[in-house]
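Following: one structure in structure tokens, then a few remarks.
For clarity, every value in this text was computed on a predicted model and none was experimentally measured.
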Amino acid sequence: VEVQRFKSFAPYAAYYLSPTMYLKLKDLTDVDVVHAHHYNALPALLAALAKRRNHIPLIITTHYHPFGGTSFRTALWKLYKHLGEIELKNADKIIALNNNERNLLLNTFKIPPSKIQVIPNGVSDTTEAPQRTDIGKNILFVGRLEKYKGVHHVLSIFPNIKKIIPEAQLVIVGDGPYRKELLSTTQRMHVSGVLFLGTISDLKLASYYKSAKLFVLLSEYEAFPVSL
């Protein structure tokens, strides 16, 4: 597999605009299909616009939900809808991760039902992952560190958990714009046992899943969480 990376402008570390990616996509000739992810991510829009030039079949996995992580992002999504309609119109097939997402797409956009295929996220085989012995009774969160993901809720009650289970640990895997706020909150609480691991390898992540006593998912909304 050949991986090519493109320079991009990425405000809020969320919306990646890459003119060089578009230039590459529009001149593609040696691939059978283009598969883009995320309805609201600009690379998917660039792939849809490039299809007018390269005429290569395009599949888009939308990961669609009708709200952004903040009120400002939700407003941007409303402004983006016209471009999103162009994006989905140019796609040959659209993949929804579950029936709820499929229904949202059908109710929001003028898409023929036959164009949408439901394919849930796959699950990797974790049988080779070792059981961790260096951590105690751990509560595990995995995901992008955004406020709407809700990890601050479990962080706020963690001192009470420590009073009942002194050996408890809160393991936070992932990165994102809310990380700095979460670190500041942890420091203000003066509580031990909170681990911020950032991005880790799939094998290491599987070992944390295997060792977790409790997995928490507190998002206000999701299309289909990859962390599941």
Side-chain angles (χ1 to χ4, degrees), residues 1-70 72-98 100-124 143-146 174-177 199 201-202 221-227:
V1 176
E2 179 185 352
V3 177
Q4 295 188 36
R5 300 187 184 279
F6 301 91
K7 290 184 178 180
S8 64
F9 173 67
Y12 305 103
Y15 305 104
Y16 293 84
L17 177 60
S18 175
T20 54
M21 177 185 288
Y22 171 75
L23 294 175
K24 176 67 175 181
L25 288 169
K26 75 179 181 64
D27 293 329
L28 281 178
T29 58
D30 56 349
V31 300
D32 298 313
V33 64
V34 173
H35 185 184
H37 282 257
H38 291 284
Y39 156 83
N40 65 308
L42 296 178
L45 176 62
L46 296 180
L49 295 175
K51 183 177 183 290
R52 297 176 174 179
R53 296 285 299 274
N54 61 37
H55 305 293
I56 297 172
L58 172 64
I59 299 171
I60 295 179
T61 301
T62 51
H63 304 270
Y64 180 76
H65 48 74
F67 306 104
T70 64
F72 175 68
R73 290 189 184 181
T74 298
L76 286 179
W77 278 40
K78 292 179 180 178
L79 294 174
Y80 183 81
K81 185 180 177 183
H82 175 67
L83 294 175
E85 288 172 342
I86 295 173
E87 174 187 318
L88 299 180
K89 181 179 179 180
N90 283 0
D92 294 279
K93 278 290 183 179
I94 297 168
I95 296 176
L97 300 178
N98 53 46
N100 181 59
E101 183 185 0
R102 180 179 184 273
N103 291 334
L104 279 172
L105 290 167
L106 290 174
N107 293 333
T108 306
F109 304 97
K110 296 178 181 178
I111 302 172
S114 60
K115 194 173 183 176
I116 305 177
Q117 180 72 42
V118 175
I119 303 177
N121 285 325
V123 178
S124 300
R144 180 172 166 81
L145 300 186
E146 299 263 15
D175 211 342
T199 302
S201 69
D202 289 345
Y221 43 83
E222 293 277 4
F224 191 113
V226 175
S227 60

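- Taking 4.5 Å as the limit, some side-chain heavy atom of Pro177 sits within range of a side-chain heavy atom of Glu146.
- Heavy atoms only, all atoms of each residue included: His38 and Ala44 are closest at O-CB, 3.3 Å.
- Leu105 contributes atom CG, which lies 6.5 Å from atom CD1 of Ile94 (distance to the nearest 0.5 angstrom).
- Shortest non-hydrogen contact noted between Val118 and Asn98 is CG1-CA, 3.7 Å.
- The two residues Leu28 and Asn54 come nearest to each other via the heavy atoms O-CB, 3.7 Å.
- Using a distance-only test at 3.5 Å, with no hydrogens or angles considered, no donor-acceptor pair links the side chain of Tyr39 to the main chain of Leu88.
- The shortest non-hydrogen separation linking Val34 to Ala47 is CG1-CB, 4.2 Å.
- Lys115 and Ala91 get closest at one heavy-atom pair: CE-O, 2.5 Å.
- Atom CZ of Arg53 is separated from atom CG of Leu25 by 12.0 Å, given to the nearest 0.5 angstrom.
- The distance from the CG atom of Asn121 to the OG1 atom of Thr61 is 8.5 Å, given to the nearest 0.5 Å.
- Put simply, the side chain of Pro43 does not reach to within 4.5 Å of the side chain of His37, judged on heavy atoms.
- Between atom CD1 of residue Ile111 and atom CZ of residue Arg102 there is a gap of 10.0 Å, rounded to the nearest 0.5 Å.
- In this structure, the side chain of Lys81 does not engage the main chain of Phe109 through any donor-acceptor pair within 3.5 Å.
- Remark: Asp92 pairs with Lys51 by the salt bridge (Lys or Arg N to Asp or Glu O under 4.0 Å) rule, at least two apart or across chains.
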inquiry  = For a side chain to side chain contact (heavy atoms under 4.5 Å, CB included) check, start with the C-alpha distance between Arg52 and Ile86, then their side-chain angles and the critical distance, and finish with the verdict.
reply    = CA-CA 11 Å; Arg52 297 176 174 179; Ile86 295 173; 3.5 Å; yes
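- For the pair Glu101 (side chain) and His63 (backbone), a donor-acceptor distance under 3.5 Å is present.
- The CG atom of Leu58 sits 8.0 Å away from atom CD of Glu87, with the distance rounded to the nearest 0.5 Å.
- Here Leu42 contributes atom CG and Leu17 contributes atom CG; the two are 5.5 Å apart, rounded to the nearest 0.5 Å.
- Residue Lys89 places its NZ atom among 12 or fewer non-hydrogen atoms of other residues, nucleotides or ligands, all under 6.0 Å distant.
- Counting only heavy atoms from C-beta outward, the side chains of Tyr22 and Leu45 never approach each other to under 4.5 Å.
- Here Phe6 and Tyr16 keep their ring centres 6.0 angstrom or further from each other.
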